[in-house]
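Just below is one structure, and these are the notes that go with it.
Below, chain A is the first sequence line, B the second, and so on; all start at residue 1.
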Amino acid sequence: MERFSTLVFVAGIGCFAIAFLLSMIFPWMSLYGYHGMDYQTLEQLAEKPSREFVELSQKFPESFREHYGEVSQASYAEALQRGRDVYVGQACWHCHSQYVRVVSNEHVRWGAPSSAQEYQNALNQPHLWGTRRVGPDLARTGGKKSNDWHIAHFINPKSVVPHSVMPPYPFYFDEKGVPGKDGIALITYLQWLGTVQAGIPVADRITP
Amino acid sequence: MSATAAIAGVHGESLVNYKLIKSHLFAGALFLTVSMVAGYLYSLQFLGFYPLQDSWTHSPGHFRLLHTNMVAYGWLVNGFTAMLYYVVPRLTGKKVLSDKLGVLIFWAWQLIMVLAIGGYMTDKAQAIEWGETPTGFRPGTFELNYVPVDALVVVGAVLVILQFMTPLFQAREQRFYVTLWYITAGLVWLALTYLMGNIMPEWMLPGAAGAAVTGLFIHDLVGLYVTPMGWGMMYFFVPLILRKPIWSHSLSVIGFWALAFFYPLGGVHHFLISPIPDYVEFGAITTTIAIEVVVTTVVVNFFMTLRGKWSALRSSMAIRWFYVGAVFYFITCFQCAFQVTWMFQKVIHFTDWVVGHAHLIMFGVFTFWLFGVIEWLWPRVCRRNWYSQSLRGWHFWLWSVGVLIMFFDLMIAGLVHGFMQRDLNDWSDILRTAEPFWWVRTFSGAMILAGLFCVIYNMYMTAKAGEAYEEEKHLIPLNAD
């Protein structure tokens, strides 16, 4: 029991493997083996550019054309991915969670509880669930606020939410409030959140 | 030769490379400073006094990444590596693989840390909590956009494992003392954990299954690297400094195997009441509660060892750090057993409660224990007595009181936030209510920073200008109490 090989193979590799089986293989099997959930690639997600994305292209035609060209599946996909990258890079997800639980009245506040299916796509690899809510949950934020609200909020959060502690992000916009490449991307990404909600497997819903 | 005799044996002295220990401890303390200053800056954002506004590189979010990652990879890894350089050769009777490799590992690791900091500041962080070290690839592709820090960390970890596994392997015919069990298994776990956490969710597992793995990663980094190294360290240094054997060898066997078995099973408890299947969550909850039993055996073992030597709490700063840390350890793990249940999770998940919990365990326990070791080791490494006695006291009291204030403050803030959230209060009202708690948090952070400056200055001056070292001054009497 107190020998090198026991420690390496039984404790080191063996115990790790058991935990790996239980916390990775089993959930993976029951989520994707049993429900047969489909993985959506970025192109599939971007098939139909959102209303908000189109609106950004009409409202800020010069900036939009310079950075993304025309509204298309490709440009929408590019904006979504870039928005996600900025969201990750600026550590937004450390103050905003992205999953709605069935407890603490969260379905009343944010919307439908999260299901496994809606995270089965390229923009959730890795997932951005987060572990802290300094600001509100964003899993259902898409379409709730206008593009203009987001622009005002990013430039100075306190201008629309007086007690906000969110840092301002004016560097994604020019002095007139026209979003640059990252500004358009961030807003496009936020307006996308929560719009994938097809085929929720009932078995994964938890009762409170 | 009994284990304690092996520990106390002075003939181990020639096997130890003190220069490497000194370098790692100093670099660790430096990165701890970086981390704490970053954390302090981040806390100022909550009060509206963030000084570096309007820059995409110096935004508060980046400092949060710096804060958590530098504690793990900059401070704890450096600190534990220094500890390994002292402990492994003494317990195995063999030298580490190579001193030159040691110098390479030292500089490589510090370079990796600097590259990681550069990555966090330029939006290159990976979306894995506590493993944000940049992959170096544009997400979802194999195009390089930065130095692949993740891969470098793996190379660094492999070198560390080679360095210390060699003496362990050479000593494989011996019966290992409990410290070496933890170190041997911990080194294997470190490699497996890092590979799993940084590869699987990023490249293979999207969504909920990936979340189960990132939960396991956060948990394993604490449970299968930091905890085994910390406990192993305590099992070595507590008997050594108290000059008496550990109370129960059998209890340490139970503690080790129960940790190895139960600890990694609890990983999913970081994402409870989530789209991860319920039976996985229940498994994680049950084993997390089981860990509480394991922790109790270890804590009991340490306190029974102290029995009859209570005066050491007064005479030895190291013992004082160790045992205050052990009390905090029991508090945190006791809290764990409750907060992991759905009943608590409903309220406290997503709130400052968790932040307080994390500070007590990473700072109040493992950082305290490492500073206990520094208290004891630094004079021996520098061959000088501590420069200032009063700074040692200030350091201890500022940190102990500071972390307690922070812990209770954030715990209460978490409850208030959790219940207000449940009762559908307006989000602005939740923020307004949290503000006084955040002021107290920043205040306790200032205490901790002040304590840190005391000890850094004291370490520096000891190395520069301390009096010549006298062993007698650093030993507690054999027949105390």
Side-chain angles (χ1 to χ4, degrees), chain A residues 2-5 7-8 11-13 15-16 19-20 22-24 26-28 30-32 39 42 81 85-86 88-94 97 99 101-105 108-109 114-116 119-122 124-129 131-133 136 161-163 165 167-168 170-171 204 206, chain B residues 45-46 50 53-54 56 59-62 64-65 123-125 127-129 139-140 168-169 172 175-176 181 184-185 188-189 192 201-202 205-214 216 260-261 264-265 267-268 270-271 273-278 280 283 346 350 354 421-422 424 427-428 431-432:
Chain A
E2 296 154 29
R3 299 225 177 256
F4 179 75
S5 48
L7 295 165
V8 170
I13 296 173
C15 290
F16 187 90
F20 187 68
L22 286 167
S23 335
M24 186 259 141
F26 281 4
W28 176 74
S30 52
L31 283 169
Y32 309 124
Y39 177 82
L42 186 58
Q81 181 64 50
D85 292 352
V86 176
V88 170
Q90 287 287 343
C92 305
W93 65 293
H94 284 298
S97 59
Y99 79 92
R101 304 180 300 168
V102 285
V103 292
S104 286
N105 291 324
V108 180
R109 192 191 284 273
S114 299
S115 68
Y119 297 102
Q120 189 63 2
N121 56 53
N124 276 293
Q125 185 168 355
H127 70 95
L128 296 174
W129 288 1
T131 46
R132 178 78 179 90
R133 267 184 201 149
V161 184
H163 296 286
V165 294
F171 34 85
D204 278 339
I206 312 153
Chain B
Q45 171 64 34
F46 291 75
Y50 184 70
Q53 216 67 265
D54 297 347
W56 72 277
S59 62
H62 287 161
R64 192 222 187 256
L65 301 177
D123 279 12
K124 300 296 189 298
I128 306 286
E129 187 161 4
L168 289 165
F169 182 73
R172 67 190 178 283
R175 277 183 65 160
F176 278 8
W181 314 349
T184 311
V188 177
W189 287 328
L192 293 174
E202 179 78 35
L205 293 173
V213 174
T214 48
L216 188 60
F261 184 75
L265 292 175
V268 175
H270 288 258
F271 298 109
I273 326 184
S274 72
I276 296 170
D278 288 2
V280 182
K346 278 196 274 198
F350 294 129
V354 185
Q421 182 177 303
R422 185 200 66 182
L424 297 174
W427 204 266
S428 285
L431 291 174
R432 280 164 65 197

Considering all heavy atoms of both residues, which atom of [X] and which atom of [Y] are nearest to each other, and what is their separation?
{"X": "B:Pro275", "Y": "A:Tyr99", "result": "CD-CD1, 4.3 Å"}
{"X": "A:Leu31", "Y": "B:Ala209", "result": "CD1-N, 3.8 Å"}
{"X": "A:Trp129", "Y": "B:Ala211", "result": "CZ3-CB, 3.3 Å"}

Sub-3.5 Å donor-acceptor pair from the side chain of [X] to the main-chain atoms of [Y], do we have one?
{"X": "B:Arg422", "Y": "A:Val103", "value": "no"}
{"X": "A:Arg101", "Y": "B:Lys346", "value": "yes"}
{"X": "A:Arg132", "Y": "B:Phe350", "value": "yes"}

Out of [options], which one racks up the most heavy-atom pairs below 4.5 Å with chain B?
{"options": "A:Met24, A:His94, A:Gln120, A:Gln81", "answer": "A:His94"}
{"options": "A:Tyr39, A:Phe20, A:Phe171, A:Phe26", "answer": "A:Phe171"}
{"options": "A:Ala91, A:Gly12, A:Ala19", "answer": "A:Gly12"}
{"options": "A:Cys92, A:Ser97, A:Pro168, A:Ala11", "answer": "A:Ala11"}

For [X], is it the side chain, the backbone, both, or neither that has a heavy atom closer than 4.5 Å to a heavy atom of chain B?
{"X": "A:Leu42", "result": "neither"}
{"X": "A:Pro170", "result": "side chain"}
{"X": "A:Ala122", "result": "neither"}
{"X": "A:Leu22", "result": "both"}

How long is the straight-line distance from [atom2] of [Y] back to [atom1] of [X], given to the nearest 0.5 Å?
{"X": "A:Thr131", "Y": "B:Glu129", "atom1": "OG1", "atom2": "CD", "value": "3.5 Å"}
{"X": "A:Cys15", "Y": "B:Leu192", "atom1": "SG", "atom2": "CG", "value": "11.5 Å"}
{"X": "A:Ser114", "Y": "B:Ile273", "atom1": "OG", "atom2": "CD1", "value": "12.5 Å"}
{"X": "B:Leu65", "Y": "A:Gln90", "atom1": "CG", "atom2": "CD", "value": "9.0 Å"}
{"X": "A:Phe16", "Y": "B:Leu265", "atom1": "CZ", "atom2": "CG", "value": "11.5 Å"}
{"X": "B:Leu205", "Y": "A:Asn124", "atom1": "CG", "atom2": "CG", "value": "13.0 Å"}

Would you say [X] and [Y] make side-chain contact, with heavy atoms under 4.5 Å?
{"X": "A:Ser23", "Y": "B:Val213", "answer": "no"}
{"X": "B:Val188", "Y": "A:Ile13", "answer": "yes"}
{"X": "A:Asn121", "Y": "B:Pro206", "answer": "no"}
{"X": "B:Tyr50", "Y": "A:Pro167", "answer": "no"}
{"X": "B:Trp427", "Y": "A:Arg133", "answer": "yes"}

Based on non-hydrogen pairs under 4.5 Å, which of [options] is most in contact with chain A?
{"options": "B:Ala185, B:Ala208, B:Gly210, B:Gly267", "value": "B:Ala208"}
{"options": "B:Pro60, B:Ala125, B:Pro139", "value": "B:Pro139"}
{"options": "B:Ala212, B:Pro201, B:Gly61", "value": "B:Pro201"}

Side chain, backbone, both or neither: which part of [X] has an atom under 4.5 Å from a heavy atom of chain A?
{"X": "B:Arg64", "answer": "side chain"}
{"X": "B:Thr184", "answer": "side chain"}
{"X": "B:Val354", "answer": "neither"}
{"X": "B:Leu216", "answer": "side chain"}
{"X": "B:Leu424", "answer": "both"}

Face-on cation placement of B:Arg172 at A:Phe4 ring, 6.0 Å and 45° thresholds: no
